Colleague: 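Here it is, the structure, as structure tokens.
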Amino acid sequence: MHVMISVDMEGIAGVSGPQDTLYGRPNYDRFRRLMTQETNLAIEAAFAAGAASVVVNDSHDGMRNVMYEELDERVELISGFNKPLCMMEGVQDADAVVCIGYHAWAGTTAATLDHTISGGQIHNWWLNGRQVGETQINAAIASHFGAPVVFVSGDDKLAAQVHESLPGTRTAVVKYALDSMCVRSRPLSEVRRLLREGVEEAVRAHATIPVQHIDGPVTFRMEFTRSSHAQVACLLPMVTRVDGRTVEVTGPNAVDAWRLAFGALRLGSTCDMG
Ligand SMILES: [Zn+2]
């Protein structure tokens with residue numbers, strides 16, 4: 001059994017604002033170490049649950065945050081940008097996906113650093129008419145390869161969204177968000193126990209946890225923060241304008257739809273340079 005661990009940073013215990021998560025900011029080095037420690041707990045748990053191999057995908061910002069030299073020496077690390085499957089690169093060979101340090105979707109009330117894929121460009125994102133965030137988008141990509149998202153950790157608002165959208169997926173609440181930039185983190189000893197025990201149980205149960213079910217072709221609808229983003233994204237003929245700030249793409253499966261959506265987002269983002 002092969003496990004892929006995707007690690008974001010906003011949902012790491014203790015993280016409360018961008019000064020903790022952005023390269024070069026005052027607290028970044030402290031929290032990238034804590035991010036690496038949470039990753040190591042998930043790795044240890046996955047092996048304890050019987051994983052034959054574990055691959056870690058650094059999934060935050062520029063995707064060069066996890067400290068390789070402090071990472072469990074048994075695993076491979078995927079880092080850097082322009083991965084074909086972005087936060088899900090490595091899922092191709094996985095039987096189970098574990099998401100550490102994740103966060104709620106853009107616009108969620110009182111959720112740590114809420115955003116969806118791209119904070120500056122995306123206001124809302126829907127999958128076949130349902131509002132989604134990164135966890136649900138990534139679960140859809142994982143479903144294409146037959147892998148369930150078995151475990152997700154982050155704040156309480158994320159956990160509520162995961163319970164609603166991904167039945168069977170285990171969650172760990174490592175902190176309670178009071179605002180997008182204010183948290184009440186659980187005691188570190190408790191956080192570590194929740195991650196260690198939770199990931200092990202979830203990976204052991206992976207065969208019974210449902211793969212996200214998607215009916216028919218996959219349509220992603222994205223509301224940008226500016227109409228110019230939508231205008232530029234629509235240079236691609238397969239991108240349809242829904243309204244001033246909103247576009248839609250449809251693919252025969254989640255991966256093709258993701259490629260269209262991410263391409264439209266990257267293209268639309270270029271309007272910020274002009
Ligand atoms: Zn992130």
Side-chain angles (χ1 to χ4, degrees), residues 4-39 42 55-68 71 77-91 97-108 110-125 132-142 149 151-159 161-162 171-175 177 179-183 185 191 195 222 225 258 261-262 265-266 269:
M4 193 276 269
I5 302 176
S6 171
V7 193
D8 204 348
M9 199 168 187
E10 291 82 355
I12 298 296
V15 165
S16 65
Q19 66 270 42
D20 302 336
T21 60
L22 296 178
Y23 180 80
R25 296 289 186 93
N27 290 333
Y28 172 75
D29 283 339
R30 285 177 55 215
F31 285 101
R32 75 188 300 195
R33 176 164 283 111
L34 285 163
M35 176 188 191
T36 306
Q37 290 173 5
E38 288 198 11
T39 308
V55 61
V56 171
N57 180 346
D58 189 329
S59 298
H60 172 70
D61 197 28
M63 303 186 167
R64 296 183 176 92
N65 310 280
V66 171
M67 302 170 78
Y68 179 61
L71 196 64
L77 173 65
I78 302 171
S79 48
F81 205 62
N82 290 329
K83 306 163 188 165
L85 295 181
C86 202
M87 300 172 85
M88 282 295 104
E89 188 62 28
V91 74
V97 174
V98 170
C99 297
I100 299 294
Y102 268 49
H103 54 83
W105 61 60
T108 305
T112 317
L113 294 168
D114 59 294
H115 68 279
T116 302
I117 305 290
S118 185
Q121 284 84 32
I122 293 291
H123 212 70
N124 281 299
W125 194 305
V132 291
E134 294 170 17
T135 315
Q136 295 77 18
I137 294 168
N138 288 334
I141 294 170
V149 172
F151 181 92
V152 181
S153 69
D155 71 18
D156 53 327
K157 309 309 186 307
L158 169 74
Q161 292 175 353
V162 171
T171 58
V173 174
V174 300
K175 58 188 173 184
D179 174 54
S180 65
M181 291 191 283
C182 177
V183 299
S185 292
V191 167
L195 293 173
M222 298 177 292
T225 52
W258 160 256
F262 196 48
L265 168 58
R266 296 296 302 278
S269 302

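Keep in mind it's a predicted model, so treat the numbers as computed, not measured. Ligands are counted one by one from 1 in listed order, and the atoms in each one are counted from 1 as well. Because only heavy atoms are used, hydrogens play no part in the values below, and waters and symmetry mates are left out as well, while side chains stay in.
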Colleague: With T108, which of H115, H103, Q161 fulfils side-chain hydrogen bond (donor to acceptor under 3.5 Å, both in side chains)?
Modeller: Q161

Colleague: Under 2.8 Å from the Zn ion (ligand 1), which protein N, O or S atoms do you find? Ignore water molecules.
Modeller: D8 OD1, E10 OE1, E10 OE2, H60 ND1

Colleague: What's the shortest heavy-atom distance between N65 and H60, and which atoms?
Modeller: ND2-O, 2.7 Å

Colleague: Is the ring pair W125/W258 parallel, tilted or perpendicular, if the boundaries are 30 and 60 degrees?
Modeller: parallel

Colleague: Contact between I5 and I100 at the side-chain level, heavy atoms closer than 4.5 Å - yes or no?
Modeller: yes

Colleague: Considering non-hydrogen atoms only, spot the tightest contact between A177 and D155 and give its length.
Modeller: CB-OD2, 3.5 Å

Colleague: Between D8 and S59, which heavy-atom pair has the shortest distance, and what is it?
Modeller: OD1-O, 3.8 Å

